Amino acid sequence: MSEQSKFPWGPATGVGSMPGGDARETAKTVTGSLIGAEGARGDFPHLAELPARGPGADMIGRTIGLLVEMYGHVEPSGWRVGDRPGRDTRRARSWLGEDLDALEEFTQEYTGPLKVQAVGPWTLAAALELRNGELSLGDPGACRDLAGSLAEGLRDHLADVRRRVPGARLVLQLDEPSLTSVLRGQIRTASGYRTHRAVDRQVVEGALREVMAVHDGPVVVHSCAPDVPFALLRRAGAAGVSFDFSLLTERDDEQIGEAAESGVKLFAGVVPATDGPLSDPAGSVMGVRTLWRRLGLHPGTLGESVVITPTCGMAGASPAHARAALAHCVRAARSLADNPE
């Protein structure tokens, strides 16, 4: 049995961001929804992000705060490389510290899986400007330096989380919503008149593999964009792929089937991430059951192969919807496991 198959994956979790700005209240919501009453079948909390607090709490800013010997500051156009850790970097690190303090408070003696998120190297390169105002993506050397700095920063971050929640089994999620656009040469330059050249797939895969290698546990890659490159992520070593289920087309079937058969965990985003009505739990996972039948996979493997999540981060939701959506993910996952057919 592989290490991945023995890992105590929970059946449902969040993607990352949550509404509001109260770290303690958010940690209480996440852990209350994803730890406890459901026992082992409901355990898979995550370290939430609260982008409503402003620059530095957004996913790009938080990850820039993790970098080693690289710093960023906010310009009108976005985040830009800086010479030293200024106010924006210090603020990002301070907010992350608050979030970790809150998580630590509500995970005392917790011993299950725990997910932490950071932006992956290619979405970061497509968002962080160099000193000349152009994106890091256009400079291969800058991309290599960024991936190396991110890897070192994540190593330190994961060690800190382990100290704070020593019983947890950590899952690292790399957020890569820009990955498909990077591969297709669709990221616009600073002028907006042209796009950056598509990055070679082997280069993309190599940087992802370098960053994933810092974690001795499973790594999940998340993208809520269409056409997630499942096969590339599997080759790079991803133990799971997180995606918006509503964006799948039958063109994705072959890659998804190969991923599932190879043991890659599928984080299926089926619960609305913004305010609106929630269907019954069985209805939320009906499409997952249909996909499994279409792929010719054994229904009995659904509970082992799929984690249920919201469609994307929930920063734009109301606190009430975010709480309801997380609880609904747990109930939908239970429905899928109890009635796979």
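In what follows, every heavy atom counts, from backbone to side chain, and hydrogens, waters and symmetry copies are set aside. Treat the numbers as computed from the prediction; the structure is a model and nothing was measured.
Donor-acceptor pairing under 3.5 Å is recorded for the side chains of Arg289 and Ser335. With 3.5 Å as the limit, one finds no donor-acceptor pair spanning the side chains of Ser242 and Gln173.
Heavy atoms of other residues, nucleotides or ligands lying less than 6.0 angstrom from CZ of Arg87 number 12 at most. When the shell of 6.0 Å around CZ of Arg235 is examined, it contains more than 12 heavy atoms from other residues, nucleotides or ligands. For CD of Glu258, the number of neighbouring non-hydrogen atoms (other residues, nucleotides, ligands) closer than 6.0 Å is greater than 12. Within 6.0 Å of atom CZ in Arg194, 12 or fewer heavy atoms from other residues, nucleotides or ligands are found, so the atom counts as exposed in its surroundings.
Taken together through direct or relayed side-chain contacts under 4.5 Å among Ile, Leu, Val, Met, Phe, Trp and Tyr, Met212 and Val203 form part of one hydrophobic cluster. Phe245 and Leu247 fall into different hydrophobic clusters, defined by Ile, Leu, Val, Met, Phe, Trp and Tyr side-chain heavy atoms under 4.5 Å apart, directly or through other members. In the hydrophobic cluster analysis, where Ile, Leu, Val, Met, Phe, Trp and Tyr join through side-chain heavy atoms closer than 4.5 angstrom, Leu128 is grouped apart from Val68. By the criterion of side-chain heavy atoms lying less than 4.5 angstrom apart, applied directly or through intervening Ile, Leu, Val, Met, Phe, Trp or Tyr residues, Leu183 is grouped together with Trp122 in one hydrophobic cluster. Connection of Met18 to Trp95 is not established within any shared hydrophobic cluster, with ILVMFWY side chains joined at heavy-atom distances below 4.5 Å, either directly or through further cluster members.
A salt bridge links Arg155 with Glu152; the closest basic N to acidic carboxylate O contact falls under 4.0 Å. For Asp216 and Arg162, the salt-bridge test passes: some basic side-chain N is under 4.0 Å from an acidic carboxylate O. The pair Arg209-Glu205 counts as a salt bridge, with a side-chain nitrogen and a carboxylate oxygen less than 4.0 angstrom apart.
Taking OH of Tyr71 as the start and OG of Ser149 as the end, the distance is 8.5 Å to the nearest 0.5 Å. One distance of note links CG of Leu233 with NE2 of His222; it measures 12.0 Å at 0.5 Å rounding. Separating the CD atom in Glu25 from the CZ atom in Arg323 is a distance of 7.0 Å, to the nearest 0.5 Å. Rounding to the nearest 0.5 Å gives a distance of 13.0 Å between CG of Asp43 and CZ of Arg169.
When atom types are taken as modelled, the side chain of Asp275 and the backbone of Ser318 share a donor-acceptor pair closer than 3.5 angstrom. Here the side chain of Thr89 pairs a donor or acceptor atom with the backbone of Gly72 at under 3.5 angstrom.
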